[in-house]
Trainee: 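Take a look at this one; I'll ask things after.
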There are 2 protein chains.
Amino acid sequence: MRPKLTDVAKKAGVSKTTVSRVINNYGYISEKTRQRVYRAMKELNYQPNSLARSLHGKSTHLIGIIFPSIMNPFYAELVQRVEEKLFDAGYKIILCNSAQNKKKERDYLKMLIANQVDGIIAGTHNLGIEEYKNVGLPIVSFDRYLSETIPTVSCDNYQGGITATKELYEAGARHIYFLGNPHQSGNPTDKRLKGYCDEIDRLKLTRHTHTVSFTESASLKSFSIKELLSKSVADGIVCTDDLTALLVLQAARELGINVPNDLKVTGFDGTELVSTYHPELSTVVQPLEDIASVLINLLLERIKNPDEKLKQMEYVLPVTFKRSASIGQIFGQ
Amino acid sequence: MRPKLTDVAKKAGVSKTTVSRVINNYGYISEKTRQRVYRAMKELNYQPNSLARSLHGKSTHLIGIIFPSIMNPFYAELVQRVEEKLFDAGYKIILCNSAQNKKKERDYLKMLIANQVDGIIAGTHNLGIEEYKNVGLPIVSFDRYLSETIPTVSCDNYQGGITATKELYEAGARHIYFLGNPHQSGNPTDKRLKGYCDEIDRLKLTRHTHTVSFTESASLKSFSIKELLSKSVADGIVCTDDLTALLVLQAARELGINVPNDLKVTGFDGTELVSTYHPELSTVVQPLEDIASVLINLLLERIKNPDEKLKQMEYVLPVTFKRSASIGQIFGQ
DNA sequence: TTGTACGCGTTATCAG
DNA sequence: CTGATAACGCGTACAA
């Protein structure tokens with residue numbers, strides 16, 4: 001059995017209260033007893049029981065993190081950053097991969113409530129808005145609208161769609177396709193699509209959209225992409241994410257299509273991983289670091305002050321574009 | 001304020017005990033009161049407070065997961081699998097990225113103890129063995145020796161080193177280099193190095209080892225790799241991980257070295273991500289799924305039966321080799 | 001079949 | 001400066 005407050009008290013020859021005071025730096029204590037208590041704690045290798053403290057009204061300093069999957073480098077990097085920042089602020093995270101699974105997400109939500117987490121960062125919603133409303137806990141959302149009371153942080157998906165399209169155009173592409181998720185209201189890629197469409201219209205080109213479900217296996221996606229490449233006259237493709245873009249580059253290589261001469265490609269996300277191991281990919285870069293910061297600042301603000309009205313419910317962070325070989329920019333220059 | 005047991009009891013017109021019994025399916029209760037209690041719970045949207053239950057001796061069903069960083073796809077995929085399996089077993093995970101940081105790892109260890117986690121899965125040790133011994137909690141370790149009482153699960157790193165070397169040899173390479181971490185006792189890559197050395201000796205070739213620290217930035221690693229490639233006569237390179245292998249492939253491309261004709265390369269890990277987006281890379285594949293299973297089975301076993309002696313302290317799981325274009329195998333065949 | 005009363009480990013209030 | 005003692009929300013002997 002792990003030693004408890006009473007054991008320390010007994011060993012130090014004082015009362016529980018005194019030990020508690022020492023631990024929490026509360027009230028007046030003589031230096032002598034303080035030292036005695038410290039020594040007893042060391043000797044017993046004592047660790048206060050968070051559960052008991054939390055039961056008494058103290059916060060758990062636990063934050064629930066709900067994302068689809070950290071198999072995707074984008075989420076992995078976002079979670080990693082969130083973890084780092086929250087650690088520095090004294091919080092621990094409970095990682096919940098919802099995996100597009102309604103039941104799993106609901107179960108996790110319940111568990112998080114049961115565990116008295118201080119707040120939740122959600123980057124997915126398979127669930128109805130009602131379920132999130134009823135949580136009754138500080139929540140911030142990444143890239144998804146959950147409810148009118150839950151602030152949303154995202155990058156400028158719309159502008160990203162515009163930028164990618166414009167870059168392809170300026171690089172010489174005239175038959176620009178959009179490759180991504182099937183249309184689904186509320187999904188952030190919708191705004192990327194909207195940006196693409198608006199820019200295509202502005203350029204007086206024709207819209208072409210090709211859908212591959214995000215949840216499909218890579219080989220199925222590849223198959224679909226090869227079909228697209230061999231049957232169409234596309235000379236530019238706006239992809240909704242970097243991984244899909246990599247599949248396009250791969251398919252082009254296999255089909256003997258020259259990138260960027262005959263086909264120009266852009267991605268979306270700009271993770272460290274992809275930009276390190278695929279510096280040739282041009283992409284819309286999400287400001288991951290800033291996204292993590294804003295998410296956390298908002299959440300901690302809410303935790304500190306649950307009832308204060310937020311000045312702003314939507315935080316849209318600017319994206320940047322990384323030009324590289326896949327649209328013709330010579331890599332390394 | 002979140003509703004509590006008493007509120008439900010009041011609403012249902014019964015005592016706390018009865019409600020507790022309904023929740024835990026304990027003892028005899030009439031169907032009528034059971035329904036009444038259920039209804040009250042629904043109406044109040046009641047969630048039992050895990051903290052209070054755990055304080056009473058129930059387990060928290062929390063598991064601490066300590067790994068260096070989920071930015072590395074290998075750890076990301078391992079953590080993801082662990083998370084999935086633990087979720088199915090009714091556990092939640094607290095994610096701790098230790099980031100080669102002694103203090104952070106120590107702090108996390110304390111936090112995990114304070115939070116009364118049921119057990120810990122550790123895949124890193126910056127800390128001394130003593131600190132892990134004193135945790136007094138079920139622990140299992142991935143790929144690192146922590147202490148004589150903590151079971152270790154790993155892939156067959158030694159055989160992996162042998163296999164990779166042999167494969168390069170059979171593909172025609174005669175100047176086979178080893179590229180990896182600087183030697184550091186206890187590190188799993190040491191066994192890979194040992195396998196390489198033994199196999200090189202067996203083949204009567206000369207050993208060549210080149211070190212790049214795992215923690216260095218990719219661009220520094222690249223620089224070092226280019227130096228190696230331009231100054232040496234290497235025609236085969238055993239890399240200690242896939243990401244390093246990708247850098248080698250990249251460097252070779254930039255230097256105009258033909259892979260696999262003039263240089264053959266193998267990696268280590270075989271994550272889904274790398275094998276999907278770099279099918280050309282030949283690599284030693286770790287059985288991630290099995291590793292996750294064994295880790296969890298061992299841990300849950302220990303949790304259920306903390307005092308039982310384990311039959312086995314080291315679990316070494318077999319690796320497989322994926323032949324592909326980077327050693328000459330034509331990809332897709 | 002149901003209720004009472006106590007304990008889990010800690011903090012906070014109120015006396016000393 | 002220090003020490004009893006009552007909470008916190010729940011589970012469970014024991015009693016009814």
Side-chain angles (χ1 to χ4, degrees), chain A residues 1-38 40-41 44-62 110-118 136-137, chain B residues 1-38 40-41 44-62 110-118 136-137:
Chain A
M1 205 53 195
R2 202 155 273 297
K4 34 192 199 179
L5 202 62
T6 322
D7 301 325
V8 178
K10 214 172 290 174
K11 181 137 206 141
V14 294
S15 75
K16 301 190 304 178
T17 315
T18 308
V19 179
S20 178
R21 282 214 182 87
V22 170
I23 290 171
N24 300 299
N25 266 321
Y26 185 77
Y28 299 96
I29 309 166
S30 76
E31 195 51 36
K32 213 167 48 184
T33 46
R34 187 192 298 275
Q35 291 311 325
R36 272 231 303 280
V37 170
Y38 273 136
M41 278 170 42
L44 293 173
N45 196 16
Y46 169 76
Q47 283 295 328
N49 182 334
S50 286
L51 268 44
R53 322 180 103 169
S54 303
L55 189 56
H56 202 88
K58 297 283 191 190
S59 108
T60 56
H61 282 238
L62 279 169
K110 281 190 194 158
M111 281 187 187
L112 292 177
I113 296 172
N115 277 280
Q116 312 285 108
V117 297
D118 289 357
L137 231 51
Chain B
M1 205 54 195
R2 203 155 273 297
K4 36 190 195 180
L5 205 61
T6 322
D7 299 326
V8 178
K10 214 172 291 172
K11 183 136 205 144
V14 294
S15 78
K16 299 191 307 180
T17 315
T18 307
V19 179
S20 178
R21 285 214 179 87
V22 171
I23 291 172
N24 300 299
N25 266 321
Y26 184 77
Y28 300 95
I29 310 163
S30 76
E31 197 48 37
K32 212 166 54 185
T33 47
R34 187 194 297 279
Q35 291 311 327
R36 271 230 305 278
V37 171
Y38 274 137
M41 278 169 46
L44 292 172
N45 196 15
Y46 170 74
Q47 282 296 328
N49 182 336
S50 286
L51 268 44
R53 335 178 91 170
S54 304
L55 189 56
H56 202 86
K58 297 286 191 190
S59 106
T60 56
H61 281 236
L62 280 170
K110 281 189 194 158
M111 282 187 187
L112 292 178
I113 295 172
N115 278 279
Q116 311 287 107
V117 296
D118 290 355
L137 232 50

Trainee: Any side-chain N or O of A/Thr17 under 4.0 Å from OP1/OP2 of D/dT2?
Mentor: no

Trainee: The side chain of A/Tyr28 lies closest to which of these nucleotides: D/dT12, C/dG3, D/dC1?
Mentor: D/dC1

Trainee: Going by distance alone, is a donor N or O of one side chain under 3.5 Å from an acceptor N or O of the other, for A/Ser20 and A/Thr17?
Mentor: no

Trainee: Students often get this wrong, so: under 4.0 angstrom with heavy atoms, is B/Ser54 touching a base, only sugar-phosphate, or nothing?
Mentor: nothing

Trainee: How long is the gap from OG1 on B/Thr18 to OH on B/Tyr26, to the nearest 0.5 Å?
Mentor: 13.5 Å

Trainee: Using only heavy-atom distances, decide whether a donor-acceptor pair under 3.5 angstrom links the side-chain of B/Arg2 to the base of D/dG9.
Mentor: no

Trainee: Ignoring hydrogens and geometry, is there a side-chain-to-backbone donor-acceptor pair from A/Asn115 to A/Val117 under 3.5 Å?
Mentor: no

Trainee: For B/Thr33, answer base if it contacts any base atom (sugar-phosphate contacts may also be present), sugar-phosphate if it contacts only those atoms, and nothing otherwise; contact means non-hydrogen atoms under 4.0 Å.
Mentor: sugar-phosphate

Trainee: A/Ser30 has a side chain; which of C/dT2, D/dC1, C/dT10 sits nearest to it?
Mentor: D/dC1

Trainee: Using the side-chain heavy atoms of B/Arg53, tell me which of these nucleotides is nearest: D/dT5, D/dC10, D/dG9.
Mentor: D/dC10

Trainee: At under 4.0 Å, does any side-chain N or O of A/Thr18 touch on OP1 or OP2 of D/dC1?
Mentor: no

Trainee: Using OP1 and OP2 only, check whether a side-chain N or O of B/Ser15 sits under 4.0 Å from C/dG3.
Mentor: yes

Trainee: Side-chain N or O of A/Tyr26 versus OP1/OP2 of D/dT2: is the shortest distance under 4.0 Å?
Mentor: no

Trainee: Whole angstroms only, please: what is the CG-P distance between A/Leu51 and D/dA7?
Mentor: 22 Å

Trainee: Over how many whole Å does the gap from A/Leu5 atom CG to D/dA4 atom C1' extend?
Mentor: 14 Å

Trainee: For a quick test of reading the model, state the closest non-hydrogen atom pair linking B/Lys16 to B/Leu5 and the distance between them.
Mentor: O-CD2, 3.9 Å

Trainee: With a cut-off of less than 4.0 Å, is there a side-chain N or O of B/Lys58 near OP1 or OP2 of D/dT12?
Mentor: yes

Trainee: For the pair made of CD in A/Glu31 and C1' in D/dT2, what is the distance, rounded to whole Å?
Mentor: 16 Å

Trainee: Is there a side-chain polar atom (N or O) of B/Thr6 under 4.0 Å from OP1 or OP2 of D/dG9?
Mentor: no

Trainee: Between C/dT2, D/dG9, D/dA6, which one does the side chain of B/Leu55 approach most closely?
Mentor: D/dG9

Trainee: Check whether any side-chain N or O of B/Asn49 sits under 4.0 Å from OP1 or OP2 of D/dC8, and answer yes or no.
Mentor: no

Trainee: For A/Asn115 and D/dG9, give me the distance from atom CG to atom P, rounded to whole Å.
Mentor: 16 Å

Trainee: Would you indicate which nucleotide in C/dT10, D/dT12, D/dT2 comes nearest to any side-chain atom of B/His56?
Mentor: D/dT12

Trainee: Specify the separation, in whole Å, of atom CD1 of B/Ile113 and atom P of C/dG9.
Mentor: 16 Å

Trainee: Quickly work out the A/Asn25 CG to D/dC1 P distance and round it to whole Å.
Mentor: 14 Å

Trainee: Output the distance between atom NZ (A/Lys58) and atom OG (A/Ser50), rounded to the nearest 0.5 Å.
Mentor: 11.5 Å

Trainee: Measure the distance from NZ on B/Lys4 to P on D/dG9 and round it to the nearest whole Å.
Mentor: 4 Å

Trainee: NZ of A/Lys16 versus P of D/dC1: gap in Å, rounded?
Mentor: 23 Å

Trainee: Hey, is the main chain of B/Gln116 close enough, under 3.5 Å, to the side chain of B/Thr60 for a donor-acceptor pair?
Mentor: yes

Trainee: Nearest heavy atom decides the nucleotide; on that basis, is B/Gly57 or B/Arg34 closer to the 5' end of DNA chain C?
Mentor: B/Arg34

